[in-house]
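From a predicted model like this one, the values you see are computed outputs, not experimental measurements. Both backbone and side-chain heavy atoms feed into the values below; hydrogens, waters and symmetry mates do not.
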Amino acid sequence: MAGIRDELSALLERVQGGEVSPENALERLAGLPFRDLGFAVVDLHRELRQGAPEAVLGEGKTPDQVARIVTAMLAAGTGSVLVTRADSDMRTAVRTVAADAQEDALARAVWVARGVPEPRGMVTMVSAGTSDGGVLHEARIRAELLGTEVLVYEDVGVAGLHRIAQALPDLRRADCVVVFAGMDGALASVVGGLVACPVIGVPTSVGYGSAEGGQTALNAMLASCAAGLAVVGIDDGFGAGTIAARIARGRK
């Protein structure tokens, strides 16, 4: 895993070779577990423990707070930093403190990738409708930052199910599939019956009336007869992307 793990390995080798004193190495290690910024306690060890760095939920934070968290993580040597639910002002604030930051307005995400692992495994992501795109691309970005190849097919839902034919080869050769659907959430069951790999269903808050902000899609996916289908919370692209990448990398 690129990032903190590689940096610590190099540091220990330099201590062993006499290039760095134990005292200086200790000072570096002492600042690793977390950084207390007063308004946030940033977990700097998560990448080392779990192979995936802490992400920043922009929702409920100010642009300045987000920028300061990102700065602390990058200063600690984090391989990548992802801010989710980031509005335009937050994305601008991050780009101010990190010139190499990238953003996706549809996904409401901004990220800095400085130590992404070599890709391993493949995830195929499909959405029922174009309106599910924001959640899908949040998941795609997270999975790619964790080091897996992601293929995307959008707007292939059950209202015109023949459209999924183009995706079938990549669905069947994937290590993990992620399905995004609002309304009745039916696409997750359809895909779950077509592939042998694990399938993650992501109910989205898309739909009128009795769709109830994604609750109907969530219940439909949870009640699915497709045995290989697991389900995350409504609009949880970040969680789905994390799990999918771990599955895909583990299968390889």
Next item on the list: Could you tell me the separation between the CG atom of D236 and the CD atom of E138, rounded to the nearest 0.5 Å?
Entry: 7.0 Å
Next item on the list: Using modelled atom types only, decide if a donor and an acceptor are shared between the side chain of S80 and the backbone of V116 within a distance under 3.5 Å.
Entry: no
Note to self: Are L57 and L146 connected into the same hydrophobic cluster when the rule is that any two of I, L, V, M, F, W, Y join if their side-chain heavy atoms are below 4.5 Å apart?
What the structure shows: no
Check: Where is the tightest heavy-atom contact between M90 and P63, given as atom of each residue plus distance?
Finding: CG-CA, 4.0 Å
Checklist line | CA sep, side-chain torsions, deciding dist, call: L82, R142, side-chain contact (heavy atoms from CB on, under 4.5 Å) | finding: CA-CA 8 Å; L82 171 63; R142 173 63 167 177; 4.0 Å; yes
Next item on the list: Kindly indicate whether the side chain of L151, heavy atoms from C-beta on, has any atom under 4.5 Å from the side chain of M122.
Entry: yes
Notebook entry, point to check: Looking at A226 and G193, what are the two nearest heavy atoms and their distance?
Noted result: CB-N, 4.3 Å
Note to self: Which residue in the set M73, R85, Q65 passes side-chain contact (heavy atoms from CB on, under 4.5 Å) when paired with V56?
What the structure shows: M73
Note to self: Please determine whether side-chain contact (heavy atoms from CB on, under 4.5 Å) holds for the pair I141 and Q102, giving the CA-CA distance in whole Å, both sets of side-chain angles, and the decisive distance to 0.1 Å.
What the structure shows: CA-CA 10 Å; I141 293 163; Q102 303 172 65; over 6 Å; no
Notebook entry, point to check: Which residues, ordered by chain and number, are linked to V231 in its hydrophobic cluster, where ILVMFWY side chains connect at heavy-atom gaps below 4.5 Å, directly or through other members?
Noted result: V126, Y153, V156, V158, L161, I164, L168, L171, V177, V179, L187, V190, V191, L194, V195, V199, L218, M221, L222, L229, I234
Check: Any side-chain heavy-atom pair from W111 and D104 closer than 4.5 angstrom?
Finding: yes
Checklist line | Any pair counted as salt bridge (charged side-chain N to carboxylate O under 4.0 Å, His left out), so long as it reaches residues 143-152, sequence neighbours left out | finding: R140-E144
Note to self: Testing the basics here: between V112 and A98, what is the closest heavy-atom pair and its distance to 0.1 Å?
What the structure shows: CG2-CB, 3.7 Å
Checklist line | Partners meeting side chain to side chain donor-acceptor pair (under 3.5 Å) with S189 (sequence neighbours left out) | finding: S224
Notebook entry, point to check: Are the side chain of R163 and the backbone of G157 linked by a donor-acceptor contact shorter than 3.5 Å?
Noted result: yes
Check: How close do D235 and S205 get, heavy atom to heavy atom, and via which atoms?
Finding: OD2-OG, 2.6 Å
Check: Going from CZ on R108 to CZ on R91, what distance comes out if it is rounded to the nearest 0.5 angstrom?
Finding: 9.5 Å
Checklist line | Name of the residue among V202, V206, L136 meeting side-chain contact (heavy atoms from CB on, under 4.5 Å) with S127 | finding: L136
Item checked: Flag, side chain of D132 to backbone of G129, donor-acceptor distance under 3.5 Å -> yes
Checklist line | Flag side-chain contact, heavy atom, 4.5 Å: D175 against I247 | finding: no
Note to self: If I compare all heavy atoms of V15 with all of S21, which pair ends up nearest, and what's the gap?
What the structure shows: CG2-O, 4.4 Å
Checklist line | Under 3.5 Å: donor-acceptor pair, side chain of R120, backbone of R249 | finding: yes
Notebook entry, point to check: Within a radius of less than 6.0 Å around CD of Q16, do more than 12 heavy atoms belonging to other residues, nucleotides or ligands occur?
Noted result: no
Checklist line | Closest non-hydrogen atom pair between G58 and V66, with its separation | finding: CA-CG2, 4.2 Å
Next item on the list: Look up atom CZ in R246 and atom OG1 in T148, then write down how far apart they are to the nearest 0.5 Å.
Entry: 13.0 Å
Margin query: With heavy-atom distances below 4.5 Å as the criterion, would you say the side chains of H137 and E154 are in contact?
Written below: yes
Margin query: Between V70 and F39, is there shared hydrophobic-cluster membership here, with clusters defined by ILVMFWY side-chain heavy atoms closer than 4.5 Å?
Written below: yes
